Every structure is written in structure tokens, then in C-alpha cells.
Amino acid sequence: MRRYLKLHSIFIKQDLKKLMEYKVDFLLGALGFLLGQAVQIFCLGVIFSTIPALCYTVGGKVVDFWTFEEVLFIYGFSLIPKGIDHLFFDNLWGLGYWIVDKGDFDKYLTRPINSWFYVLCEKFCVDALGEIVVGIALIIYSTLSMPANIAGAINWWRVLPIIAILPFAIMLFTSIKTATAAISFWTKRSGHVTHMCYMTNEFAKYPVKIYNKVVKTAITYILPFALTAYYPAIYILRGESAWSLPVTVAVSLAFFAISQFIWHRGLKAYESAGS
């Protein structure tokens, strides 16, 4: 383990050296991300400028609702595990889009280290720091802006178990990318599959109850991104869904095991791309 941690730090240092040579590229990437987030938050603000709260109704009766600040808190929280995964483990996108297709995966098999670890840690995406900073900023801003009755109900001791499960939320993102990227060992390209599955996390930025049964089932049980965003955020805000904490750990470990199984089966099926 110590050897791999040292290797990971070396990869990070090498990417930082590249960054120093291509500063404009980094700045443009970071600016593009910030503009994208700003547009989404602006649209959210426009929606809430016309409604007092986001409501969940049953039989025409309001049974639950979320204020703009609460939705902003959930949105901000969703960016943190996603951003950390993006920061350290984003090279898996390359596997599905071009690494296998161009025959570049061969180099990962000629090094005396685990191929999955090599792919995972070869790229360090510094622009993801913007994603994490935006997430933290939204959490702080939304908390300070909440009505006193909502903010006063928050028990900050709930943050401690959330911090404990954060690595497992990150693991869930990485495992889903690993499993879908590994499909490229059979098909040469699977980037679109990864993109389709990964973008499902966008639904988890908002209260799960507002969706129909299909979407709710998909983001809770099939691609359970709601376990990385809505459920831990609502646990901090209201103390609801405490069941989701051990479930997040169990589901993340299960997805990790499945992703490793698919990866190793894919390695056996891998054939270098021909010219």
C-alpha cells in the first residue's frame, strides 16, 4: 500500500509540472466549469423566484417541501464526492473513449504495477478543485441564508458520520466509471456508456421525492447516485434517512467488487487494437 501511495504522489507531481507549462489550458477549463455551474444555479434561482418552495404532493396534498436554500445545500453537497473523484480518478474516461481503441492500453500491461491503479492515477485533474470549492461555497452560503427555524434544526454532529461515509460515496463514482469503462475491453470503445451512466448523477442534485418512480428507482437502486448526494445531505439538514449511511457503505463495496470483477474479466478478453 505504501508503494502505491508513493507512486500516486509521483503521478500527481508529474501532472502538476505539465500544468505549469499549460496554464492557459487549465484556466480555460476551470472557467468553463465555473460558467457551467453558474448557469445551472442561475436557472435554479429563476425557478425559485416564481415559487416559494419545491413541494412533494400526494393526492393534491403537500406532504413535504424544500426551500431554495435546502435545494442549494443538496446541490452543493453533490459536488464534493463527485469533485474528489474527478480530481484523482478521471483518467477512466480516456479508457472508454480512446486508450483501448488506439491500442495505448498495452503500455499499462508492461509496467510492474496493477493496470487498474495505473490507469486510475495517471491523470490528476486540477480543474476539479473548482468543483470542490463551488460545492463547499454553496453549502456555506445556503446554510447562512436559511431561515432561522430551518438552520436551527440542523444538528452539526450529523456531519461526522457523513465525513466517515464520504470515501465510500467517492468509491461509488469510481466503481461505476471502472465498470463501464472496462466494457471497452470487449467493444474497444465504451465512453458513451460511461457518459450515459455517469450523467445520471445530475438527478441526485435535487430531492429524490420530486421524481417519478422510474427515475427514483434508477438513482436509488440501479445507479445509486442519490446515496452520494440527496440522502447524506438531507440527513445533515433534517436527520432523515439515517438508514442510507450503512447502505451507502454496503452498496459502494458491492459496486467496487463488481467493477473489479468486470475489469479482470475484461483484461482476459483484451486484444490490442490492430493497425
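What you see is a predicted model; the values in this text were computed from it and never measured.
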Short side-chain donor-acceptor distance under 3.5 Å, Asn91 and Tyr118: no
Is Leu223 linked to Leu253 within one hydrophobic cluster, defined over Ile, Leu, Val, Met, Phe, Trp and Tyr using a side-chain heavy-atom separation of less than 4.5 Å? yes
Residues Val100, Tyr108; criterion side-chain contact (heavy atoms from CB on, under 4.5 Å); working and verdict: CA-CA 11 Å; Val100 173; Tyr108 298 97; over 6 Å; no
Could you tell me which non-hydrogen atom of Ser142 sits nearest to which non-hydrogen atom of Leu72, and how far apart they are? CB-CB, 4.0 Å
Return the orientation label for the Phe124 and Phe88 ring planes: parallel under 30°, perpendicular over 60°, tilted otherwise. tilted
If two hydrophobic side chains count as joined below 4.5 Å and joins carry through other members, does Ile140 share a cluster with Ile234? yes
Let me confirm one number: the CG-CG distance from Leu129 to Leu87, rounded to the nearest 0.5 Å. 5.0 Å
Pairwise distance CD1(Ile170) to CG(Leu166) - rounded to 0.5 angstrom: 4.0 Å
Go through the steps to decide whether Ser78 and Phe225 satisfy the test side-chain contact (heavy atoms from CB on, under 4.5 Å), and finish with yes or no. CA-CA 9 Å; Ser78 73; Phe225 287 116; over 6 Å; no
Val119 vs Trp263, side-chain contact (heavy atoms from CB on, under 4.5 Å): CA-CA, chis, key distance, verdict: CA-CA 12 Å; Val119 172; Trp263 180 274; 4.1 Å; yes
Whether the side chain of Glu70 engages the backbone of Thr67 through a donor-acceptor N/O pair (distance < 3.5 Å, no angle test) should be reported. yes
Looking at Thr180, is its backbone amide N or carbonyl O close enough to the side chain of Ser190 to form a donor-acceptor pair, meaning the two atoms are under 3.5 Å apart? yes
Answer yes if Val193 and Leu95 sit in the same cluster of Ile, Leu, Val, Met, Phe, Trp and Tyr residues linked by side chain heavy atoms under 4.5 Å apart, and no otherwise. no
Determine whether Tyr231 and Thr220 make a side-chain contact, defined as any pair of heavy atoms from C-beta on separated by less than 4.5 Å. yes
Can you tell me how far the CG atom of Leu109 sits from the NZ atom of Lys107, to the nearest 0.5 Å? 11.5 Å
Walk me through whether Met171 and Phe255 qualify under side-chain contact (heavy atoms from CB on, under 4.5 Å). CA-CA 8 Å; Met171 182 190 296; Phe255 268 75; over 6 Å; no
If you compare all heavy atoms of Gly83 against all heavy atoms of Ala128, which two are closest, and at what distance to 0.1 Å? O-CB, 3.5 Å
pair Ile219-Tyr211: side-chain heavy atoms closer than 4.5 Å: yes
Any donor and acceptor pair, going by atom type alone, linking the side chain of Arg189 with main-chain N or O of Tyr97 inside 3.5 Å? yes
State, with a plain yes or no, whether a side-chain heavy atom of Thr178 is found less than 4.5 Å away from one of Phe89. no
Report the C-alpha distance between Tyr198 and Phe173 in whole Å, list the side-chain angles of each, state the deciding distance to 0.1 Å, and finish with yes or no for ring pair (Phe, Tyr, Trp, His ring centres under 6.0 Å). CA-CA 8 Å; Tyr198 190 81; Phe173 276 97; 5.8 Å; yes
SG on Cys197 to CD1 on Ile176, rounded to 0.5 Å: 7.5 Å
Same cluster or not: Ile139 versus Trp157, using hydrophobic residues (I, L, V, M, F, W, Y) connected whenever any side-chain heavy atoms lie under 4.5 Å apart? no
Does any non-hydrogen side-chain atom of Asp106 lie less than 4.5 Å from one of Thr110? no
Heavy atoms from other residues, nucleotides or ligands near CZ of Phe203 exceed 12 (cutoff 6.0 Å): no
Minimal heavy-atom distance between Ser252 and Phe168, with the atoms involved, is OG-O, 2.7 Å
For Pro232 versus Ala226, what's the shortest heavy-atom pair and its separation? CD-O, 3.8 Å
Do Leu172 and Pro224 have side-chain heavy atoms sitting under 4.5 Å apart? yes
Please indicate whether His264 has more than 12 foreign heavy atoms, meaning atoms of other residues, nucleotides or ligands, lying under 6.0 Å from its NE2. yes
Is the shortest heavy-atom distance from the side chain of Trp66 to the side chain of Lys209 under 4.5 Å? yes
Residues Ala164 and Pro167: closest non-hydrogen pair is O-CD, 3.4 Å
According to a 4.5 Å side-chain heavy-atom criterion applied to Ile, Leu, Val, Met, Phe, Trp and Tyr, with indirect links allowed, do Tyr75 and Val133 form part of one hydrophobic cluster? no
All heavy atoms of Ala169 vs all of Thr248, minimum pair found to be N-CG2, 4.4 Å
Is there side-chain contact between Leu245 and Ile162, with heavy atoms separated by less than 4.5 Å? yes
Should the pair Glu240-Arg158 be classified as a salt bridge under the 4.0 Å nitrogen-to-oxygen rule? no
So, taking the atom named CD in Glu69 and the one named CG in Leu138, what distance separates them when rounded to the nearest 0.5 Å? 12.0 Å
OH (Tyr230) and OG (Ser241) are apart, to the nearest 0.5 Å, by 5.5 Å
Check the orientation of Trp116 and Phe256. Use parallel for under 30°, tilted for 30 to 60°, and perpendicular for over 60°. perpendicular
Answer yes or no: is there a side-chain heavy-atom contact under 4.5 Å between Pro207 and Ile74? yes
Would you say the side-chain atoms of Asn149 pair up with the backbone N or O of Gly152, donor to acceptor, closer than 3.5 Å? no
